[in-house]
Amino acid sequence: MVTHRPPFTIHHFASLGSTNDQLKAMAAAPEFTCVVADGQTAGRGRRERTWHSAPGDGLYLSILFLPRSDTSSKLPLTGLLAAVAVAETLIERGVAGVDIKWPNDVLVNGRKISGVLAEAVSAGSESLRLVLGIGANLNHLSFPPELSETATSFAIETGERIVVEEFRDRLLEKIAQWYELWRRGASALIIDRWSRLSTYARDQRVVVTIEDEKLIGVTDGLTETGALRLVTGGDVRTILAGEVTKLRKRISATNARK
Ligand code: BT5
């Protein structure tokens, strides 16, 4: 079934392996094509991790963007803006305790409710093909044992159910607004909004795991391309990719430099 929600055209499926894979296979799809499935049998996270995709309970959505190829250094900001849009939609629907963990995880009271998988699939001469996949736990009342301590859902947090399409459409409106700002080069606005929504942005003691390396430091904001600045000892490291975990209490990055 195809639904139009300008600028988006949504292709709905009852079940797919992965909405990202389906959209990638639609080679001639125009910008703003979306793929949504009620359930996924092979939902993917980053680095070939799996995304638990219980049928009917969550939003499993992929969006195609065709940004100009000279914007490639700013591509990480599209993941950040997706997380911002998810966080805003949750807050608007009355969810308390919403946070964003760098770069794109949305948490509620410390548990993950949404994740983003951004994949740049090919570089043409003038535009890139970017598939932005978003998974959000909405009406789940429980999770498999391996996620029971770390995952949450809209229903668990609020005690209420939400119509998946209603959440999807509001989220898409917000993504369209933020993407338009991104396209116009308003990176600072996105970073500012992200930083206001995230307790990880500044003065947070964290351990960052990059492959086999572990860095302990204090967060000190994002660069203009969305990388995380980490103060470790006297150095400031720019983290492009890695797993961030909070360590106890917050201290100021200024003190961490001393
Ligand atoms: C992500 O990866 O968080 C990106 C998830 C993107 C899923 C969407 S659904 C639509 C589209 N189609 C796809 O195939 N994927 C996208 P990552 O940061 O690597 O986190 C994955 C980890 O989160 C797993 O290893 C689990 O620990 C945990 N996890 C898996 N499923 C979860 C869920 N439903 N809720 C909370 N945590 C989950």
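Please read all numbers here as calculations on a predicted model, not as lab measurements. As the structure lists them, so they are numbered: ligands from 1, and atoms in each ligand from 1.
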Look only at the side chain of [X] and the backbone of [Y], and say whether a donor-acceptor pair between them is shorter than 3.5 Å.
X    : Y   : answer
S72  : D70 : no
R129 : A27 : yes
S18  : N20 : yes

Given the rule that I, L, V, M, F, W and Y join up when any side-chain heavy atoms are under 4.5 Å apart, are [X] and [Y] in one cluster?
X    : Y   : result
L117 : L77 : no
Y60  : I10 : no
V36  : V86 : yes

Could you list the atoms of ligand 1 found under 4.0 angstrom from a heavy atom of [X]?
X    : result
S18  : 12 (N), 13 (C), 14 (O)
T19  : 10 (C), 11 (C), 12 (N)
R46  : 2 (O), 17 (P), 18 (O), 19 (O)
L61  : 10 (C)
A151 : 35 (N), 36 (C)
G43  : 14 (O)
N20  : 11 (C), 12 (N)
R44  : 5 (C), 6 (C), 7 (C), 13 (C), 14 (O), 15 (N), 16 (C)

Please tabulate, for the side chains in residues 131-139, all donor-acceptor contacts under 3.5 angstrom to protein atoms that are two or more places apart in sequence or on a different chain.
residue, atom, partner, partner atom, Å
N137, ND2, T152, O, 3.0
N139, OD1, I162, N, 2.9
N139, ND2, I162, O, 2.8

**Message:** When you compare ligand 1 with R49, is there at least one nitrogen or oxygen pair between them that comes in under 3.5 angstrom?
**Reply:** yes
Just to confirm my output: which protein heavy-atom neighbour is closest to [atom], and how far is it?
atom                    : result
atom 5 (C) of ligand 1  : W51 CE3, 3.5 Å
atom 26 (C) of ligand 1 : L147 CD2, 3.7 Å
atom 35 (N) of ligand 1 : N137 ND2, 2.8 Å
atom 9 (S) of ligand 1  : Q40 NE2, 3.4 Å
atom 20 (O) of ligand 1 : K112 NZ, 3.0 Å
atom 8 (C) of ligand 1  : G135 N, 3.5 Å
atom 31 (N) of ligand 1 : H52 N, 2.9 Å

Classify the contact between [X] and ligand 1 as side chain, backbone, both or neither, using a heavy-atom distance cut-off of under 4.0 Å.
X    : value
T50  : backbone
R47  : neither
V116 : backbone
D21  : neither

**Asked** Just wondering, do V84 and W178 contact through their side chains at under 4.5 Å, heavy atoms?
**Response** yes
**Message:** If you apply the rule side chain to side chain donor-acceptor pair (under 3.5 Å), what do you find for E243 with T209, and how did you get there?
**Reply:** CA-CA 5 Å; E243 288 302 318; T209 309; over 6 Å; no
Quick check: are there more than 12 heavy atoms from other residues, nucleotides or ligands sitting under 6.0 Å from [atom1] of [X]?
X    : atom1 : answer
E224 : CD    : no
R68  : CZ    : no
E211 : CD    : no

